[in-house]
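Worksheet: the structure to be examined is printed underneath.
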Amino acid sequence: MRNIHARHKGSILGMAWVFINPLLMLVLYTFVFGIIFGATYGVREDESSFAYAIGLFLSLTLYQLFAETLSVAPTVITSQPNFTKKVVFPLEILPTAHVGAALYHFAASMILVLLGMVLVTHTLTWGILWLPVIIFPLVLLSLGTAWLVSALGVFLRDLTSFVQFLSMALLYASAIFYPSSKVQMHEPIIWDIIKWNPLIHIVDEARRVVLWDLSLNPRRLLYAYICSLVVCLVGFAVFTRLKRSFADVL
């Protein structure tokens with residue numbers, strides 16, 4: 001709760017930015033990719049610009065959950081030296097709290113996505129029930145990344161600059177603005193690289209079952225679960241191993 005309030009402290013609109021910011025980003029990306037470039041997901045022949053906008057909003061909402069965690073992770077420990085030097089304080093809570101704050105903003109954006117599906121495209125289906133199953137590996141991936149990057153950030157201060165590039169690279173490598181099937185058909189070499197990114201499978205499956213009422217691909221979802229679980233366990237193990245030296249470095 002402290003992280004959530006600190007983010008909006010002093011602003012005139014306060015917590016209203018939780019809803020305003022994702023809507024502004026949606027308008028910007030929809031204008032650039034949907035109108036100027038004429039992008040579509042191409043799954044349905046009758047796909048309108050509004051349907052593309054909802055699909056883009058859902059994709060960005062999923063991506064932002066991970067990107068928001070990644071962007072603050074390198075400085076989570078270094079920005080809290082008082083907590084770090086208190087031996088009795090469980091430092092694992094600091095990265096976890098930032099993931100919790102990201103989940104709060106994610107939930108607000110998902111409310112807007114669902115409202116858009118009901119009011120604009122009228123396409124709310126039973127596939128929405130699969131959403132928690134698809135989101136869970138994303139939470140594990142975010143948590144593991146937060147532990148790993150925050151621990152390494154204590155020793156490698158250059159990570160703060162590197163994650164900015166990494167976050168932008170993931171934005172374009174996670175099928176946010178386009179369907180992954182287009183890459184598989186036209187750019188198989190590129191697909192052989194980006195297919196290892198678990199985010200692209202999470203985003204693609206969410207669109208398939210929530211927006212287009214298509215069947216879930218269990219193999220892609222299983223891969224996302226395995227990758228996320230591995231990252232979560234490795235991240236926690238690295239954090240546990242390195243946290244003994246945090247106070248000395250700081």
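- Atom CZ of F155 has more than 12 heavy atoms from other residues, nucleotides or ligands within 6.0 Å.
- Around CD1 of I189, the count of heavy atoms belonging to other residues, nucleotides or ligands within 6.0 Å does not exceed 12.
- Side chains of R220 and D204 form a contact here, defined as non-hydrogen atoms less than 4.5 Å apart.
- Going from atom CG of L56 over to atom CZ of R207 covers 8.5 Å, rounded to the nearest 0.5 Å.
- A pairwise comparison of heavy atoms in G153 and L159 identifies N-CD1, 3.7 Å as the closest pair.
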Quiz item: What's the verdict on side-chain contact (heavy atoms from CB on, under 4.5 Å) for T69 and H98, showing C-alpha distance, side-chain angles and the deciding distance?
Solution: CA-CA 7 Å; T69 302; H98 280 279; 5.7 Å; no
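- Nearest heavy-atom pair, V249 versus R157, reported as atom, atom and distance to 0.1 Å: CG1-NH2, 4.4 Å.
- When side chains are defined from C-beta on, R208 does not count as touching L216, because their heavy atoms never get closer than 4.5 Å.
- Looking only at side-chain heavy atoms (C-beta outward), L70 and L170 come within less than 4.5 Å of each other.
- Of all non-hydrogen atoms in V99 and A146, the two that sit nearest each other are CG2-CB, 3.9 Å.
- S150 places none of its side-chain heavy atoms less than 4.5 Å from the side chain of Q80.
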Quiz item: Where do T40 and Y178 land on the side-chain contact (heavy atoms from CB on, under 4.5 Å) test, with the steps shown first?
Solution: CA-CA 7 Å; T40 62; Y178 56 87; over 6 Å; no
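- Within 6.0 Å of CG on D158 lie no more than 12 heavy atoms contributed by other residues, nucleotides or ligands.
- More than 12 heavy atoms of other residues, nucleotides or ligands shown are found within 6.0 angstrom of CH2 on W191.
- We find the CZ-CG distance between F83 and L91 to be 10.0 Å, quoted to the nearest 0.5 Å.
- The same ILVMFWY cluster, assembled from side-chain heavy atoms under 4.5 Å apart, contains both Y172 and L58.
- At least one side-chain heavy atom of L23 sits under 4.5 Å from a side-chain heavy atom of F57.
- Between G127 and D213, the shortest heavy-atom distance links the atoms N-OD1, 4.3 Å.
- With hydrophobic clusters built from ILVMFWY side chains whose heavy atoms lie under 4.5 angstrom apart, L152 shares a cluster with F162.
- Put simply, the side chain of F177 reaches to within 4.5 Å of the side chain of L171, judged on heavy atoms.
- The closest donor-acceptor contact from the side chain of H201 to the backbone of N217 lies at 3.5 Å or more, if one exists at all.
- Taking the side chain as every heavy atom from C-beta outward, L65 and S142 approach each other to under 4.5 Å.
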Quiz prompt | Verdict with supporting geometry, W130 and S215, side-chain contact (heavy atoms from CB on, under 4.5 Å) | solution = CA-CA 10 Å; W130 281 107; S215 59; over 6 Å; no
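- To the nearest 0.5 Å, the span separating CG on L221 from CZ on F136 amounts to 11.5 Å.
- Residues I111 and I20 do not share a hydrophobic cluster, defined by chaining ILVMFWY side chains whose heavy atoms lie under 4.5 Å apart.
- Hydrophobic clustering (ILVMFWY, side-chain heavy atoms < 4.5 Å, transitive): L199 and F165 are in one cluster.
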For residues 222-247, dump all side-chain donor-acceptor pairs below 3.5 Å to protein atoms at least two apart in sequence or in another chain.
from	atom 1	to	atom 2	distance (Å)
Y223	OH	W196	O	2.7
Y225	OH	V133	O	2.7
S228	OG	P137	O	2.8
S228	OG	A224	O	2.7
T240	OG1	F236	O	2.8
K243	NZ	E92	OE2	2.5

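- If you take CD1 on I135 and CG on L131, they are separated by 3.5 Å, rounding to the nearest 0.5 Å.
- Within the 6.0 Å centre-distance limit, the rings of Y41 and Y52 are counted as a close aromatic pair.
- A distance of 8.0 Å separates OG of S180 from CD of E205, quoted to the nearest 0.5 Å.
- In this structure, Y104 is a member of the same hydrophobic cluster as M1, with clusters built from ILVMFWY side-chain heavy atoms closer than 4.5 Å.
- For I200 against A173, the heavy-atom pair with the smallest separation is CD1-O, 3.9 Å.
- Interatomic distance, L114 CG to I54 CD1, rounded to the nearest 0.5 Å: 9.5 Å.
- Taking each heavy atom of L62 and A206 in turn, the nearest pair found is CD1-CB, 3.5 Å.
- Side-chain contact check for H105 versus E68: some heavy-atom pair is nearer than 4.5 Å.
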